[in-house]
Amino acid sequence: MTQTDAPTRDRVKQALRTQRIETPSWAYANSGTRFKVFAQEGVPRDPYEKIADAAVVHRLTGVAPTVALHIPWDRVDDYADLARYAADQGVALGAINANVFQDNDYKLGSVTNPDPGVRRKAIDHLLECVDIMDRTGSRDLKLWFSDGTNYPGQDDIRARQDRLATALRETYDRLGDDQRLLLEYKLFEPAFYTTDVPDWGTAYAHCLELGPKAQVVIDTGHHAPGTNIEFIVAFLLRVGKLGAFDFNSRFYADDDLMVGAADPFQLFRIMHEIVRGDALGPEAGIAFMLDQCHNIEPKIPAIIRSVLNVQEATAKALLVDAAALAAAQRAGDVLGANAVLMDAYHTDVRPLLAELRADLGLDPDPMAAYARSGYFERIRAERVGGQQAGWGA
Ligand code: RM4
Ligand code: MN
């Protein structure tokens, strides 16, 4: 059985105190599938209101102190003012996400477009995002490219890799000393025949060529079914090229559902590799971000639930008896090693997390605390009129 004696509990709680989970500004806005986005009441109308919602998630969970921005969705005149507002609310601005996938010019690609003028426009946007990072104090530029082709012969696959490398190089060279370029991959969609950054190997190869400030982002929804994501985590961590996660759940493709909803066991296995690689604390430099859409469920509670799901998987991973696991592995004890992992996974960590929250002066049940807080009733009453934020806002 897994030990849950006092020293173990203290060790696990101590590690959990260092965990940070970043929430995405766009998850507070209206978003969802390409068929219908169901508008909800009380949804933010601007980046300030998104930050206010993110601050509520942080106040209730204690582990979500930063919020990622998406440009141009979160474009404002004065980023220093936005950063000040965030600080007043008790949070900070996190990763800046570039968006080169929603302009008509990008029909045939952004940085890999056959037209040099379009490529220039896309690169200029990436550089603008670094300018914004200078003003927000953000460390990370997160890049996801929808670039690809739909038909065999449509464009030169190899030339597109050259164009991608050129764009990444120019962007990388613009980074400050403490800034990073995080490159995200996705198997397919919106392109269906080739995608220019389809997998971790492609992202890794580009990051390697760029240098130490370039690292890979693993979006947990961006793989073929059955892909062993924890293997990718272990591999990239070992070589110092894992920069961040975009957490979410998928049943089919890039579903963007709540992390830990579809496959909590997979999330545990991922967090086990993080703990194994000593990469949980902020000093390890891994950004644990959510990238989700909440189309039919209320958004703020969904994000709280997601944060709690990550915490639960992490607590279970921290409960793995590392010494017993290593001994079983050395002895070639297949079933024993597996049992060590499963014992930790089957432990109900909710009481331990409630205890941790009490230690931190938080309500032990953040979901219930939110429901009681009256926050939703307030934003529903206050946020009338104006244009609700959403994808393309
Ligand atoms: C993409 C990718 C990016 C996210 C956008 C909204 O599929 O996951 O990380 O910024 O969606
Ligand atoms: Mn993502």
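Note that the coordinates shown come from a computational prediction; the quantities given were computed from them, not determined experimentally. Computation of the quantities below employed the complete heavy-atom set of this structure, encompassing side-chain atoms and omitting hydrogens, waters and symmetry-equivalent molecules. We count ligands from 1, going down the list as the structure has it; atoms in each ligand are counted the same way.
Looking only at atom types and distance, the side chain of E209 has no donor-acceptor partner in the side chain of H206 under 3.5 Å away. Under 3.5 Å, the side chains of N309 and S306 contain no donor-acceptor pair of N or O atoms.
Restricting D219 to its N, O or S atoms, the one at the least distance from the Mn ion (ligand 2) is OD2. Considering just the N/O/S atoms of D246, the one nearest the Mn ion (ligand 2) carries the name OD2.
Contacts of D254 with ligand 1, taken as heavy-atom pairs under 4.0 Å, involve the side chain alone. Looking at D246 against ligand 1, only its side chain comes within 4.0 Å, counting heavy atoms.
Aromatic ring pairs are classed by plane angle as parallel below 30°, tilted from 30° to 60° and perpendicular above 60°; the pair F268 and H272 is parallel. Note on ring orientation: taking the six-membered ring where Trp is involved, the planes of H70 and W26 are perpendicular (angle over 60°, cut-offs 30° and 60°). Relative ring orientation between F231 and F235 is described as tilted, the plane-to-plane angle lying within the 30° to 60° band.
Proximity of a side-chain donor or acceptor of D254 to a complementary backbone N or O of H222 within less than 3.5 Å is not detected.
Where the criterion is an N or O separation shorter than 3.5 Å, residue side chain and backbone included, D219 meets it with respect to ligand 1. Annotation: W73 places no N or O atom under 3.5 Å from an N or O atom of ligand 1; distance criterion only.
Nearest protein heavy-atom contact of atom 4 (C) of ligand 1 is D291 OD2, 3.4 Å. Of the protein's non-hydrogen atoms, the one nearest atom 1 (C) of ligand 1 is W144 CE3, 3.5 Å. The protein atom (non-hydrogen) at minimum distance from atom 10 (O) of ligand 1 is H70 NE2, 2.7 Å. Ranking the protein heavy atoms by distance from atom 6 (C) of ligand 1 puts W391 CZ2, 3.4 Å first.
Taking every non-hydrogen atom of H222 and a distance limit under 4.0 Å, the qualifying atoms of ligand 1 come out as 2 (C), 7 (O), 8 (O). Heavy-atom contacts of K142 reach the following atoms of ligand 1: 9 (O) (cutoff under 4.0 Å). If you number the atoms of ligand 1 from 1 as listed, the ones under 4.0 Å from a heavy atom of K186 come out as 7 (O).
You'll find the ring centres of F101 and W144 inside the 6.0 Å limit. Checked against a 6.0 Å centroid threshold, the rings of H223 and Y185 count as neighbours. Under the 6.0 Å cut-off for aromatic ring centres, F188 and Y193 do not qualify, their centroids lying 6.0 Å or more apart.
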- Task: Just do the salt bridge (charged side-chain N to carboxylate O under 4.0 Å, His left out) check on E189 and R34 with the steps written out, would you?
- Result: CA-CA 12 Å; E189 193 195 42; R34 63 189 185 276; 3.5 Å; yes

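Closest to atom 2 (C) of ligand 1 by heavy atom, among E184, E189, Q292, is E184.
Angle OD2(D291) to the Mn ion (ligand 2) to OE2(E184): 160° [nearest 10 degrees].
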